[in-house]
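Take a look at the structure below.
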2 protein chains.
Amino acid sequence: MTAAADTLREEGVAGASARVIAARAGVNQALIFYHFGTVSQLLEAASRQAVDAAVDYYRDRFAEVASLSDLLRTGRELHQRERDAGNVAMMAQLMSGAAGRDPALASAARYAMSAWTVEIESVVQRVLCDSPLAEVADSAGLARAVSASFIGLELYEGVDPEGAVHALDSLEQLAVLVDVVNDLGPIARRALRAKLNSSSSARRAELRSAISVSDMPGA
Amino acid sequence: MTAAADTLREEGVAGASARVIAARAGVNQALIFYHFGTVSQLLEAASRQAVDAAVDYYRDRFAEVASLSDLLRTGRELHQRERDAGNVAMMAQLMSGAAGRDPALASAARYAMSAWTVEIESVVQRVLCDSPLAEVADSAGLARAVSASFIGLELYEGVDPEGAVHALDSLEQLAVLVDVVNDLGPIARRALRAKLNSSSSARRAELRSAISVSDMPGA
DNA sequence: GTCTATAAGATGATAGAC
DNA sequence: GTCTATCATCTTATAGAC
């Protein structure tokens, strides 16, 4: 399973054949089918193990995160560590492999994303609960968006390393924006509420009429 | 080339073999090697064509974008259209295939990302130039981050469609945040400047000393 | 340019010895 | 459980007829 995970990380799904993995593990190719049935099922088992280990490692650390700047610092550390470990690359490969309608890889990708978003969501929710950002931030959706974005950035890094660093830097700069709104407190909260009533509710009304629910509050 | 692009979109890199592509085009497999040399080179040519067509289509539309809400509306439209066309999925497949050290696919992925970020960057720069956000937003890095994030979200969508919609919704909600800071104008600008001096310059100082450049303005 | 035929190799998977 | 040996199948890629 270690050999499978390493091969997936370094060679991608395309290079993760039974023979390549078995050679890396120093065993015979037939063993893979004896123990796991198919190559995809081995990759699934290996990635589940890797994701579980990584998420377990961060659970304690996540629990200590109390503020937004804590979150950003932990996030930076997590990204760098997981990047070096190659787990993000592994998830990216699982997801692109899953697009070729491989049920085992799809299941592995779903599991990995779910494991991460569950943890991230609880942290985001805790940190944002008494911030004006709670008005606009949906922690569940946000956790998924953050996870997915990191997958994309990892793939981008494989293709244009300097560009990816550039992109990450600019996202960090943008985090200052969140900090500012947070610090602005009641002023920001009032401005956000006003915005939400004028723009967003119009879109929501469209949505509601589209699904023929007519119990919206009087405009 | 159309058949190659379609196969890449629908079956992924793993399923994009010479025989599959040729069958889709209704021609013989050997023609691919006659015209393009290798399968990867065909995929490269096909993706360049698709990217060029897509970017050309949006160039005029991008030119009309004048405000931040314009940008968000165009962005939403672009995302939906390109998603349906499958171009984001194609880029995702190119990038994950490139991770397996395929030079032609890597080149194709680089070209696609570059083509999009060049266009997006100019729009972002134009829209943000007289906004307080210009203080923290690096348009080049931001354009790359946005492009990469959409790649990740596309892959995620293939694995968990409802979750991906959720993630996109929450990003749209978060866009209201940007709107608010924009509207707050001078107040936000002052708060941002203050933040940048206190937190970010410390990090920049670390970086500068790390690369042994000592010409930073007196603290 | 397009085809048939074919080489030369990789792949997933199984059968059976040990 | 682990191996060897083998299968059918798929792969890229080339040679040569038309």
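By convention in this document, chain letters (A, B, ...) are assigned in the order of the sequence lines, proteins followed by strands, and residues within each chain are numbered from 1.
- Taking atom CZ of residue B:F36 and atom P of nucleotide D:dA13, one finds them 14 Å apart after rounding to whole Å.
- Nearest heavy-atom pair, B:A167 versus A:A145, reported as atom, atom and distance to 0.1 Å: CB-N, 3.5 Å.
- Per the geometry, CD belonging to B:Q29 stands 13 Å off C1' belonging to C:dT2, to the nearest Å.
- Between the CD1 atom of B:I32 and the C1' atom of C:dT2 there is a distance of 13 Å, given to the nearest Å.
- With rounding to whole Å, B:L31 atom CG is found 10 Å from C:dG1 atom P.
- Contact check on B:R48 versus B:E44 returns a salt bridge, with a Lys/Arg side-chain nitrogen under 4.0 Å from an Asp/Glu carboxylate oxygen.
- Under the 4.0 Å criterion applied to side-chain N and carboxylate O atoms, B:R24 and B:E10 are assigned as salt-bridge partners.
- The side chain of A:Y34 has D:dG1 as its nearest neighbour among C:dC3, C:dT11, D:dG1.
- For the pairing with A:F62, the side chain to side chain contact (heavy atoms under 4.5 Å, CB included) check across A:D70, A:V55, A:L78 returns one residue only, A:L78.
- Atom CG in B:N28 sits about 13 Å away from atom C1' in D:dT12, given to the nearest Å.
- One finds a salt bridge joining B:D56 and B:R59 here, because a Lys/Arg side-chain nitrogen approaches an Asp/Glu carboxylate oxygen to under 4.0 Å.
- For DNA chain D, the residues of residues 38-47 of chain B within the heavy-atom distance limit of 4.0 Å (strictly under) are B:T38, B:V39, sorted by number.
- The side chain of B:F33 lies closest to D:dA13, out of C:dA13, D:dT2, D:dA13.
- Ion pairing of A:R81 with A:D84 is absent here, as no side-chain N (NZ or NE/NH1/NH2) approaches a carboxylate O to less than 4.0 Å.
- For the residue pair A:D160 / A:H166, no side-chain donor-acceptor distance below 3.5 Å is found, with atom types taken as modelled.
- Atom CD in B:E11 sits roughly 11 Å away from atom P in D:dT11 (whole-Å rounding).
- One atom, CD1 of B:I21, and another, C1' of D:dC10, lie 14 Å apart when rounded to the nearest Å.
- The listed nucleotides are D:dC3, C:dT4, D:dG1; the one nearest the side chain of A:A30 is D:dC3.
- Side-chain N/O atoms of A:S17 include one lying less than 4.0 angstrom from OP1 or OP2 on C:dT11.
- When rounded to the nearest whole Å, the span between CZ of B:R19 and C1' of D:dC10 equals 7 Å.
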